[in-house]
Structures are given as structure tokens and as C-alpha cells.
*Asks:* 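Encoded as C-alpha cells, here's the structure I'll be asking about.
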Amino acid sequence: MWSRLCSVALTGVFLLTACRHDDTAEPQRSDLLVMLGDSALYEHEVVARIPAGIAPEDSARLFAGVVDSWIEDQLLMQVALDHLADADEIERLVEQYRRNLIVSRYLSRVREGGRGRVDEKDIRAYYARHSDEMLTERPLVRGAYLKVSVREPKLDRLRKWMAEASPRTFENIEKHGLEHAQEYDYFGDRWVDWQTVARQIPYRFYDAEAFLEANTDFETTYGDWVYLLHVADYLPAGSVMPYEFARAQITECLEQQVMRETERRLIQRLVSQALDDRLLRGIGYDPVTHTRLTQLDTPIQTQ
């Protein structure tokens with residue numbers, strides 16, 4: 001019953017907010033269906049919740065279901081408000097959630113508008129200052145990965161091309177050897193997290209460092225598939241991240257800084273405007289300098 005009342009509280013608050021009218025005013029719309037206290041439900045609100053194109057009997061059943069559900073929710077909401085000692089606290093929490101949701105949605109749009117403003121020179125400058133702090137948590141690898149059917153007629157040729165690992169042989173793989181391939185990824189020109197590669201292969205690599213140290217080419221079969229891996233190069237865990245690998249993390253970090261600065265300036269503008277319009281007044285606190293202007297009679301308790 002409690003979970004039902006909690007659910008009804010949220011639904012009911014929304015409906016009460018959307019449909020509340022003045023106690024002395026009668027609804028003006030001609031499509032009024034039912035009223036409960038100062039809350040009203042209109043036909044257009046019910047119709048908007050019924051999918052178009054359904055059979056008439058289904059539409060009628062849904063119509064009645066929506067109206068009955070509204071009445072049930074309203075009645076239960078009234079009972080809850082009358083009998084729950086903390087109903088006012090629930091109202092406060094719902095209102096706080098609504099405020100937080102509105103602010104969060106607005107700030108998300110502000111942040112989206114601030115993206116894409118990080119220059120390449122800023123990224124490189126950040127890397128130059130902090131590269132010794134940006135260490136890999138797992139090995140990084142460069143190479144190629146291929147998953148093909150065990151019945152692939154060119155399987156031996158693919159093995160040979162993967163092992164040779166030259167630009168020409170990888171070009172041959174892409175042009176002539178992928179007819180029956182399930183997966184193929186060439187990453188010889190970029191660093192990839194070893195875990196990203198390993199999770200594609202049905203083989204337990206107990207010690208990644210030892211495996212990468214000892215193996216350049218690897219093959220395993222599982223079911224109807226053959227998995228081929230060529231490791232052209234690797235960096236052990238704890239190495240300084242190469243710039244091209246660290247770039248995405250640096251970009252995200254700098255974008256976060258830009259967004260925080262954008263939010264700070266937005267708040268400053270809003271505070272300044274509110275002070276100018278006298279919507280905000282600092283009586284015992286200066287919202288610009290963030291300082292108290294008067295001493296409180298009762299000291300603030302700290303823990």
C-alpha cells in the first residue's frame with residue numbers, strides 16, 4: 001500500500017498542478033469530463049493519451065481506463081494527504097525535485113552550447129604540462145584483429161597476411177579477405193586499450209603483460225570461428241599515455257573546465273541582474289562578495 005501511495009503522490013501532484021483551478025471559478029471548457037474538488041479532467045487530455053488508429057472498442061476501453069485511473073489517483077491522493085503525517089514533507093521534496101530537474105535541464109543546454117571550444121594548442125599544452133601524471137592503467141596495443149569462419153577458403157592466406165603485417169598485406173586483407181569475415185579491426189596506426197581487444201576474443205588471458213611480451217601473433221578457435229590477432233607494438237601498464245591516446249581524456253577535462261567557467265559567469269550575470277532589478281537584496285549577506293554583512297545573534301553551529 002505504501003508503494004502505491006508513493007506512486008500516486010507523484011502522479012497526483014502532477015495532475016493537481018496541471019488541472020488546479022481557483023476555488024470560486026468554474027471551468028470554462030465545454031469538454032469537461034469530471035471534477036474532484038478544485039481539480040478537473042478534460043476530454044482533450046484523455047484523448048491525447050490514446051494511440052491513434054486503434055479499434056473503436058479498444059479506444060472506448062482505454063478512454064474509460066484513463067478517466068477511472070485519474071479519479072482513483074485523485075481520491076487516493078486526498079486520502080494520503082489527510083492521513084500521512086509527513087504529507088507536507090513529501091510536497092516539499094516533490095517541489096525540490098521539480099526545481100532541481102528544471103535547473104539541471106537548463107544547465108545541460110548551457111553546457112551543450114559551451115562544447116567544442118577547446119583548441120588543439122590548449123590540448124597539447126595541457127599534455128606537455130601533465131603527461132608525466134597521465135599513466136596507463138592497462139597495456140595499450142597497436143595491431144589488427146580478425147574473426148573469420150573456420151570454413152573460410154582463404155584462411156591460410158589470411159594467417160599469412162596477418163603475420164606479415166605490412167601495409168600491402170593489410171590492404172590485401174581488406175580487399176580480398178573479408179568476404180566471410182565476421183569482425184575486422186585494423187588499429188596499427190593508433191593505440192587501443194588491451195582490454196578492448198581482449199574482450200572480443202574467447203580466450204582467458206591470465207597475464208596480459210606476459211602474453212604481450214611473449215606473443216606477436218595469436219590464434220584461437222571457438223565454435224565455428226577462428227580469431228586472429230597481430231600485435232605490432234604494446235606499452236605496459238604504468239607507461240606515459242601517448243598523446244593520441246590521452247587526447248580524448250584531456251579534451252573532456254578541458255571541456256569540463258570551460259563548462260564550469262560558463263556556469264560561473266552565468267550565475268554572476270544572473271546575480272548582478274537580479275540585484276539591479278531589486279529582485280535580490282543582500283540584507284545580512286553580500287551575494288557578490290559572498291560575505292556576511294551582519295553578525296548573527298546565534299552563532300552558526302559547525303561540526
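What's counted below: heavy atoms across the whole structure, side chains too, no hydrogens, waters or symmetry copies.
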*Asks:* CD/Glu183 to CG/Leu228 distance, rounded to the nearest 0.5 angstrom?
*Replies:*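 Rounded to the nearest 0.5 Å, the CD-CG separation comes to 12.0 Å.
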*Asks:* Hey, is Arg92 close enough to Glu95 for a salt bridge, meaning N to O under 4.0 Å?
*Replies:*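 The answer is no: the pair does not qualify as a salt bridge.
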*Asks:* How far apart are the closest heavy atoms of Asp217 and Met162, and which atoms are they?
*Replies:*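 Minimum heavy-atom contact is OD1-O, 3.7 Å.
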*Asks:* Give a yes/no verdict on a cation-pi contact between Arg138 and Trp194, requiring under 6.0 Å between NZ or CZ and the six-membered ring centre and an angle within 45° of the axis.
*Replies:*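 No, Arg138 does not sit over the ring of Trp194.
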*Asks:* Could you tell me whether Tyr145 and Phe187 have their ring centroids closer than 6.0 angstrom?
*Replies:*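 No, they do not, as the ring centres are separated by 6.0 Å or more.
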*Asks:* Please give me the minimum heavy-atom distance between His230 and Ala163, naming the atom from each residue.
*Replies:*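 Heavy atoms of His230 and Ala163 come nearest at CE1-O, 4.1 Å.
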*Asks:* Given side chain to side chain contact (heavy atoms under 4.5 Å, CB included), test Val141 with Asp233 step by step and report yes or no.
*Replies:* CA-CA 6 Å; Val141 294; Asp233 196 5; over 6 Å; no
*Asks:* Would you name the heavy atoms of Thr221 and Val226 that are closest together and state the gap between them?
*Replies:*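 Closest heavy-atom pair between Thr221 and Val226: OG1-CG2, 3.9 Å.
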*Asks:* Would you confirm whether the ring centroid of Tyr203 sits within less than 6.0 angstrom of the ring centroid of Phe218?
*Replies:*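 They qualify: ring centres under 6.0 Å apart.
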*Asks:* So does Gly65 get a backbone contact from the side chain of Ser69, meaning a donor-acceptor N/O pair under 3.5 Å?
*Replies:*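 Not a single qualifying donor-acceptor pair exists.
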*Asks:* Are the side chains of Val67 and Leu33 in contact, using a 4.5 Å heavy-atom criterion?
*Replies:*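 They are in contact (side-chain heavy atoms under 4.5 Å apart), so the answer is yes.
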*Asks:* For Ala55, is there any backbone N or O sitting under 3.5 Å from a side-chain donor or acceptor partner on Ser59?
*Replies:*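 Not confirmed, Ser59 side chain does not pair with Ala55 backbone.
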*Asks:* Check whether more than 12 heavy atoms from other residues, nucleotides or ligands sit under 6.0 Å from atom CD of Glu89, and answer yes or no.
*Replies:*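 Correct, the count exceeds 12.
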*Asks:* Using side-chain heavy atoms (C-beta onward) and a distance below 4.5 Å, is Asn215 in contact with Val231?
*Replies:*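 With C-beta onward as the side chain, the pair stays apart.
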*Asks:* Do the two ring centres, one from Tyr186 and one from Tyr184, sit under 6.0 Å apart?
*Replies:*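 No - the distance between ring centres of Tyr186 and Tyr184 does not fall below the 6.0 Å cut-off.
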*Asks:* Could Glu261 and Arg264 be called an ion pair, given the rule that one side-chain N must be under 4.0 Å from one carboxylate O?
*Replies:*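 Salt bridge flag = yes for Arg264 with Glu261.
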*Asks:* Under the criterion side chain to side chain contact (heavy atoms under 4.5 Å, CB included), I'd like the reasoning laid out for Tyr243 against Ser131: C-alpha separation, chi angles, the key distance, then a yes or no.
*Replies:* CA-CA 8 Å; Tyr243 173 76; Ser131 59; over 6 Å; no
*Asks:* Could you grab the distance from atom CG of Leu146 to atom CZ of Arg159, nearest 0.5 Å is fine?
*Replies:*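 Interatomic distance, Leu146 CG to Arg159 CZ, rounded to 0.5 Å: 10.5 Å.
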*Asks:* Could you tell me whether a side-chain N or O of Thr136 sits under 3.5 Å from a main-chain N or O of Pro236, the two making a donor and an acceptor?
*Replies:*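 Flag set: sc Thr136 to bb Pro236 pair under 3.5 Å.
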*Asks:* Do Glu209 and Tyr234 pair up side chain to side chain, a donor and an acceptor below 3.5 Å, judged on atom types alone?
*Replies:*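 Side chains of Glu209 and Tyr234: no pair found under 3.5 Å.
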*Asks:* Ignoring hydrogens and angles, tell me if any N or O in the side chain of Glu164 forms a donor-acceptor pair with the backbone of Ser166 under 3.5 Å.
*Replies:*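 It does not hold such a pair.
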*Asks:* Report yes if the side chains of Pro287 and Leu275 come closer than 4.5 Å at any heavy-atom pair, otherwise no.
*Replies:*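 SC-SC contact between Pro287 and Leu275 confirmed.
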*Asks:* Calculate, to the nearest 0.5 Å, the distance between atoms OH and CG belonging to Tyr126 and Leu254 respectively.
*Replies:*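 Reported value, rounded in 0.5 Å steps: 6.5 Å.
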*Asks:* Using modelled atom types and a 3.5 Å cut-off, is there a donor and acceptor pairing between side-chain atoms of Glu45 and backbone atoms of Tyr42?
*Replies:*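 Confirmed, Glu45 side chain pairs with Tyr42 backbone.
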*Asks:* Give a yes or no answer on whether the side chain of Asp119 reaches the backbone of Lys121 with a donor-acceptor pair at less than 3.5 Å.
*Replies:*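 Pair absent, no side-chain N/O of Asp119 close to backbone of Lys121.
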*Asks:* To the nearest 0.5 Å, what is the distance between CD (Glu152) and OG (Ser149)?
*Replies:*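 One gets 7.0 Å once the value is rounded to the nearest 0.5 Å.
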*Asks:* When you compare the side chain of Met241 with that of Leu135, does any pair of heavy atoms fall below 4.5 Å?
*Replies:*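 They are not in side-chain contact.
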*Asks:* With a cut-off of 6.0 Å (strictly less than), are more than 12 heavy atoms of other residues, nucleotides or ligands near CD of Glu252?
*Replies:*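 No - once you tally the heavy atoms of other residues, nucleotides and ligands closer than 6.0 Å, there are 12 at most.
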*Asks:* Between Pro51 and Ile54, what is the shortest heavy-atom contact and its length?
*Replies:*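 Taking Pro51 first and Ile54 second, the nearest heavy atoms are O-CG1, 3.6 Å.
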*Asks:* For Thr196 and Asp193, which I'm curious about, is there any donor-acceptor pair between the side chains at under 3.5 Å?
*Replies:*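 No - no donor-acceptor pair under 3.5 Å links their side chains.
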*Asks:* Ignoring hydrogens and geometry beyond distance, is a side-chain donor-acceptor pair present between Glu219 and Tyr227 at under 3.5 Å?
*Replies:*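 No pair is found: no donor N or O on one side chain lies under 3.5 Å from an acceptor on the other.
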*Asks:* With the side chain counted from C-beta on, respond yes when Arg269 and Gln273 share a heavy-atom pair under 4.5 Å apart, and no when they do not.
*Replies:*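 No, side chains not in contact.
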*Asks:* List the atom of Trp70, the atom of Ser39, and the distance in Å for their closest heavy-atom pair.
*Replies:*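 The pair with the smallest heavy-atom distance is CH2-O, 3.9 Å.
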*Asks:* Is Glu120 paired with Arg124 through a side-chain N to carboxylate O contact shorter than 4.0 Å?
*Replies:*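 Yes, this pair counts.
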*Asks:* What's the spacing between Leu155 CG and Lys160 NZ if we round to 0.5 Å?
*Replies:*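 Leu155 CG to Lys160 NZ: 14.0 Å, rounded to 0.5 Å.
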*Asks:* Between Tyr222 and Ile201, is any pair of side-chain heavy atoms under 4.5 Å apart?
*Replies:*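 No, side chains not in contact.
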*Asks:* Return the OG1 to NZ distance between Thr220 and Lys147, rounded to the nearest 0.5 Å.
*Replies:*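 The OG1 atom of Thr220 sits 12.0 Å away from the NZ atom of Lys147.
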*Asks:* Is the shortest side-chain heavy-atom distance between Val192 and Leu140 below 4.5 Å?
*Replies:*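 SC-SC contact between Val192 and Leu140 ruled out.
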*Asks:* Is the number of heavy atoms from other residues, nucleotides or ligands under 6.0 Å of Arg129 CZ greater than 12?
*Replies:*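 Check passes, neighbour count above 12.
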*Asks:* Do you know which two heavy atoms are closest between Val271 and Val288, and how far apart they sit?
*Replies:*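 Here Val271 and Val288 meet closest at CG1-CG2, 4.5 Å.
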*Asks:* For Phe63 and Ile50, what are the C-alpha separation, side-chain angles and deciding distance, and is it a side chain to side chain contact (heavy atoms under 4.5 Å, CB included)?
*Replies:* CA-CA 7 Å; Phe63 189 97; Ile50 299 176; 3.8 Å; yes
*Asks:* Take atom CZ in Arg142; do more than 12 heavy atoms of anything else shown fall under 6.0 Å from it?
*Replies:*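 More than 12 heavy atoms, drawn from other residues, nucleotides or ligands, come within 6.0 Å of this atom.
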*Asks:* Begin with the C-alpha distance, continue with both residues' side-chain angles, and end with the deciding distance and a verdict on side chain to side chain contact (heavy atoms under 4.5 Å, CB included) for Val197 and Leu229.
*Replies:* CA-CA 9 Å; Val197 178; Leu229 173 66; 3.8 Å; yes
*Asks:* Would you say Glu43 and Leu32 make side-chain contact, with heavy atoms under 4.5 Å?
*Replies:*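 No, too far: nothing below the 4.5 Å cut-off.
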